[in-house]
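Below: the structure, in structure tokens.
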There are 4 protein chains.
Amino acid sequence: MSRSAEARQKALTAATDLLRVRGIPGFTVEEVAKTSGVAKTTIYRHWPNADHLLAEAVSCQIAPLPTPNTGSLEGDLRAFFSAVVPPESLESLAQMLTGVLYAATYDPAIRAALEEAVSRRTGPIKTIIELAQARGEVPAYVDPERAVDLVEGPFLFAVLTGRLTFQPSEVDELLGLIVAGLTAVR
Amino acid sequence: MSRSAEARQKALTAATDLLRVRGIPGFTVEEVAKTSGVAKTTIYRHWPNADHLLAEAVSCQIAPLPTPNTGSLEGDLRAFFSAVVPPESLESLAQMLTGVLYAATYDPAIRAALEEAVSRRTGPIKTIIELAQARGEVPAYVDPERAVDLVEGPFLFAVLTGRLTFQPSEVDELLGLIVAGLTAVR
Amino acid sequence: MSRSAEARQKALTAATDLLRVRGIPGFTVEEVAKTSGVAKTTIYRHWPNADHLLAEAVSCQIAPLPTPNTGSLEGDLRAFFSAVVPPESLESLAQMLTGVLYAATYDPAIRAALEEAVSRRTGPIKTIIELAQARGEVPAYVDPERAVDLVEGPFLFAVLTGRLTFQPSEVDELLGLIVAGLTAVR
Amino acid sequence: MSRSAEARQKALTAATDLLRVRGIPGFTVEEVAKTSGVAKTTIYRHWPNADHLLAEAVSCQIAPLPTPNTGSLEGDLRAFFSAVVPPESLESLAQMLTGVLYAATYDPAIRAALEEAVSRRTGPIKTIIELAQARGEVPAYVDPERAVDLVEGPFLFAVLTGRLTFQPSEVDELLGLIVAGLTAVR
DNA sequence: TGTTAAGCGAGACGGTACGTCGCGTCTTAAT
DNA sequence: ATTAAGACGCGACGTACCGTCTCGCTTAACA
């Protein structure tokens with residue numbers, strides 16, 4: 001690994017760790033520099049400002065996602081969410097989510113990074129929907145984009161408002177409503 | 001109005017204006033003090049820190065919400081959303097939302113204020129659901145809490161990811177899916 | 001003493017000490033802040049930048065100067081220089097002098113401060129010259145400004161080039177030449 | 001010219017130009033490297049640090065000096081100073097002088113270089129003095145070193161304090177006093 | 001004439017200090 | 001007793017140069 005890439009990686013790792021341990025309020029370029037052994041200057045050579053580093057640190061905490069294919073919409077979604085869910089703490093998840101969502105509102109580059117990260121989630125979901133449409137489970141007139149809103153939205157809302165504990169029963173209930181919405185023919 | 005209340009009001013008004021004009025990144029206690037003519041000290045006497053002032057400034061931008069009663073679930077929801085929606089700019093809405101959501105993750109008081117604000121929205125929706133259940137439109141076993149997630153979530157998600165322009169057709173489509181989900185009997 | 005003046009004084013004292021101990025290369029706003037207990041921000045509230053603080057620290061190391069009146073030019077100058085001379089180390093004197101002289105070349109405000117400090121020295125000398133002219137020791141056509149150049153210059157040059165140890169014999173010799181120059185009638 | 005010498009020369013030329021155009025505050029190894037096309041690494045291979053490069057850049061702006069021989073002390077000195085004087089701007093002269101004088105205070109190598117440059121001036125002057133002593137114009141007991149202080153000092157002082165415009169009348173006046181000091185028998 | 005080692009450019013790195021911004025606290029004088 | 005005014009301590013920001021460190025590539029001298 002090139003010298004440059006090594007420094008970058010060390011900084012990013014330290015940033016990710018720091019983020020996990022101290023959360024966004026404790027996330028500081030100065031601290032990242034100190035713990036990583038990478039000079040602050042170098043960090044700023046790789047990221048234009050603290051928020052960008054934060055965004056990448058958040059983004060690289062999002063695991064790569066599977067695109068299950070169980071044969072039914074409900075099975076696929078259930079598989080997807082059971083694969084995705086479990087962060088150590090929902091609160092720190094909420095904090096990171098909101099922190100980055102916020103930063104994205106005033107920085108186009110962060111917004112772009114966020115979109116990329118989001119699409120890593122929405123992509124599989126869209127595929128799931130389209131497979132279901134191919135099978136006839138979901139009517140063809142349903143716009144997959146909106147379907148994604150319907151699938152992701154309720155979970156996001158529940159997490160951000162702190163009203164979801166991600167107990168299986170809750171997830172089941174939500175998924176049931178969502179699947180019903182998608183499969184009902186009108 | 002008491003002298004104290006007057007200062008508080010002036011500060012809050014200035015804060016709200018500042019928030020609207022410059023957004024969260026430009027929202028500063030120092031600036032609020034300057035534009036309002038209220039001393040910084042005084043502001044800190046009324047709010048424990050900047051985020052609390054911000055939270056209140058955001059919260060008082062949220063208009064009081066109606067609880068429509070059109071006789072059908074779809075009608076009620078449509079009425080509700082058409083009454084609520086369109087702020088000047090979706091972007092500034094997203095910014096304020098994320099900003100406060102973020103602040104709420106590390107400050108319990110703000111979290112409480114946020115919950116209060118959120119419940120001003122979720123309350124009417126819950127009522128709408130319960131009315132629909134009373135009419136038999138929505139099965140009784142549906143937990144109104146989860147129903148609220150289903151109703152609010154998709155819109156929030158679409159707004160935060162910048163994928164909703166709130167054109168009537170989009171809103172219709174989403175509402176269609178949501179209503180289908182809620183009314184389907186399984 | 002007002003709070004503000006107190007902070008200023010503490011910073012200035014620390015700056016002066018630091019300058020004496022570590023010289024100009026070790027003179028740092030950050031260090032002044034640390035040793036004085038005055039916040040860096042506050043230092044910058046009192047001085048526009050590091051050089052200005054430096055200039056003041058130097059300037060306040062220059063003791064107030066007497067204007068002797070012994071009745072003869074040579075006696076006056078001898079008294080003046082014997083009162084002024086002995087800094088702990090000629091090297092640190094040279095360093096401070098050159099440092100400030102240099103800073104003055106690119107900063108008008110420092111130049112002004114320097115001029116003030118210089119005039120604290122040139123003033124008494126000019127007076128000495130004028131007294132000597134009144135007594136007839138020095139011809140009337142001699143411009144006191146030039147006379148000051150003649151009096152101060154050789155010492156400055158010798159100090160800056162490190163060729164003066166300020167042994168009495170050296171000083172005597174220089175003063176002898178200077179007095180001769182001033183008193184000769186042409 | 002060897003490849004190495006060529007790079008050295010290019011760097012030095014660029015340094016000199018940069019110094020003339022932007023003065024010491026704008027004098028930067030980085031900028032020298034950029035404008036000269038010589039890599040920073042190479043520059044550091046030729047000079048141990050920025051100050052040494054600066055010193056050499058200054059030093060090579062000092063023209064070689066004549067040792068006039070007009071037959072009289074006053075004539076010689078007048079010839080010497082008229083040959084030397086007028087740089088484009090006295091201010092930039094003062095800046096370079098003070099800058100190097102300052103650097104010399106904390107770096108022995110620069111001090112040595114400075115001494116060399118200074119001696120290029122003091123040498124001729126000393127010769128002038130000694131010739132004058134041989135002719136009997138200047139008493140034998142005068143130490144040529146001190147005489148040099150007397151000759152150079154006033155001009156240096158006047159330049160550094162910005163009180164000399166080098167108009168002929170000023171120079172004449174100073175020279176008059178200096179010559180008087182040197183030739184007076186006591 | 002081919003080989004090799006010294007020297008070069010390019011450019012990132014660790015580091016120190018800079019000067020700035022905003023926070024939340026504190027003091028003082030006026031209302 | 002509460003306010004306006006404004007300085008303060010603090011922590012982090014992002015920047016500028018410093019002097020160092022690989023890295024390939026050139027080039028000149030030696031085999």
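Chain A is the first sequence line, chain B the second, and so forth, proteins listed ahead of strands; every chain is numbered from 1.
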Residue mapping more 5' on DNA chain E - nearest nucleotide basis, A/Ala5 or C/Pro25:
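Nearest nucleotide further toward 5': that of A/Ala5.
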
Atom-to-atom span, [atom1] of [X] to [atom2] of [N] - whole angstrom:
X	N	atom1	atom2	value
D/Glu6	E/dG7	CD	C1'	13 Å
B/Glu30	E/dC23	CD	P	6 Å
B/Asp107	E/dG24	CG	C1'	14 Å

Check the pair A/Asp17, A/Thr35 against side chain to side chain contact (heavy atoms under 4.5 Å, CB included), reporting the backbone distance first and the verdict last.
CA-CA 10 Å; A/Asp17 293 350; A/Thr35 51; over 6 Å; no

In chain order, what residues pass the salt bridge (Lys or Arg N to Asp or Glu O under 4.0 Å) check against A/Glu6, with sequence neighbours excluded?
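Expected list: none.
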
For A/Ala57 against A/Gln61, the heavy-atom pair lying closest together:
O-CG, 3.0 Å

Where do C/Leu53 and C/Ala15 come nearest, in terms of heavy atoms and distance?
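Nearest pair, atom of C/Leu53 first, then C/Ala15: CD1-CB, 3.9 Å.
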
Contact check, residues 34-45 of chain D vs DNA chain F, heavy-atom distance under 4.0 Å, returns D/Lys40, D/Thr41, D/Tyr44

Check whether more than 12 heavy atoms from other residues, nucleotides or ligands sit under 6.0 Å from atom CD of C/Glu91, and answer yes or no.
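No, the 6.0 Å shell around CD holds no more than 12 heavy atoms from other groups.
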
Under 3.5 Å, which donor-acceptor pairs do the side chains of residues 99-110 of chain B form with other protein atoms, sequence neighbours left out?
| from | atom 1 | to | atom 2 | distance (Å) |
| --- | --- | --- | --- | --- |
| B/Thr105 | OG1 | A/Gln95 | NE2 | 3.4 |
| B/Thr105 | OG1 | B/Tyr102 | O | 2.5 |
| B/Tyr106 | OH | B/Asp51 | OD2 | 2.7 |
| B/Asp107 | OD1 | B/Ala109 | N | 2.8 |
| B/Asp107 | OD1 | B/Ile110 | N | 3.3 |

Decide, yes or no, whether a salt bridge links [X] with [Y] under the criterion of side-chain N to carboxylate O below 4.0 Å.
X	Y	value
A/Glu116	A/Arg120	yes
C/Glu30	C/Lys34	no
B/Arg8	B/Glu56	yes

Give the first and the last nucleotide of DNA chain F, reading 5' to 3', that has any atom under 4.0 Å from a heavy atom of chain A.
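Using the under 4.0 Å cut-off, the span is F/dA12 to F/dC21.
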
Which sits closer to the 5' end of DNA chain F, A/Pro48 or B/Lys10, going by the nucleotide each is nearest to?
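Result of the comparison: B/Lys10.
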
Please check the phosphate of E/dT28 (OP1 and OP2 only) for any side-chain N or O of C/Ser2 closer than 4.0 Å.
no

Output yes when at least one side-chain N/O atom of A/His46 is less than 4.0 Å from OP1 or OP2 of E/dC13, else no.
yes

Between A/Leu97 and B/Thr98, is a side chain to side chain contact (heavy atoms under 4.5 Å, CB included) present by the stated rule, with each step listed?
CA-CA 9 Å; A/Leu97 274 178; B/Thr98 52; over 6 Å; no

Using a 4.0 Å cut-off on heavy atoms, which residues in residues 49-60 of chain B reach DNA chain E? List them by number, or say none.
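B/Asn49, B/Ala50 - these, ordered by number, are the residues of the stretch whose heavy atoms sit under 4.0 Å from the strand.
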
Side chain to side chain donor-acceptor pair (under 3.5 Å) partners of C/Ser36, counting only residues at least two apart
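For C/Ser36, no residue satisfies side chain to side chain donor-acceptor pair (under 3.5 Å) once neighbours in sequence are set aside.
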
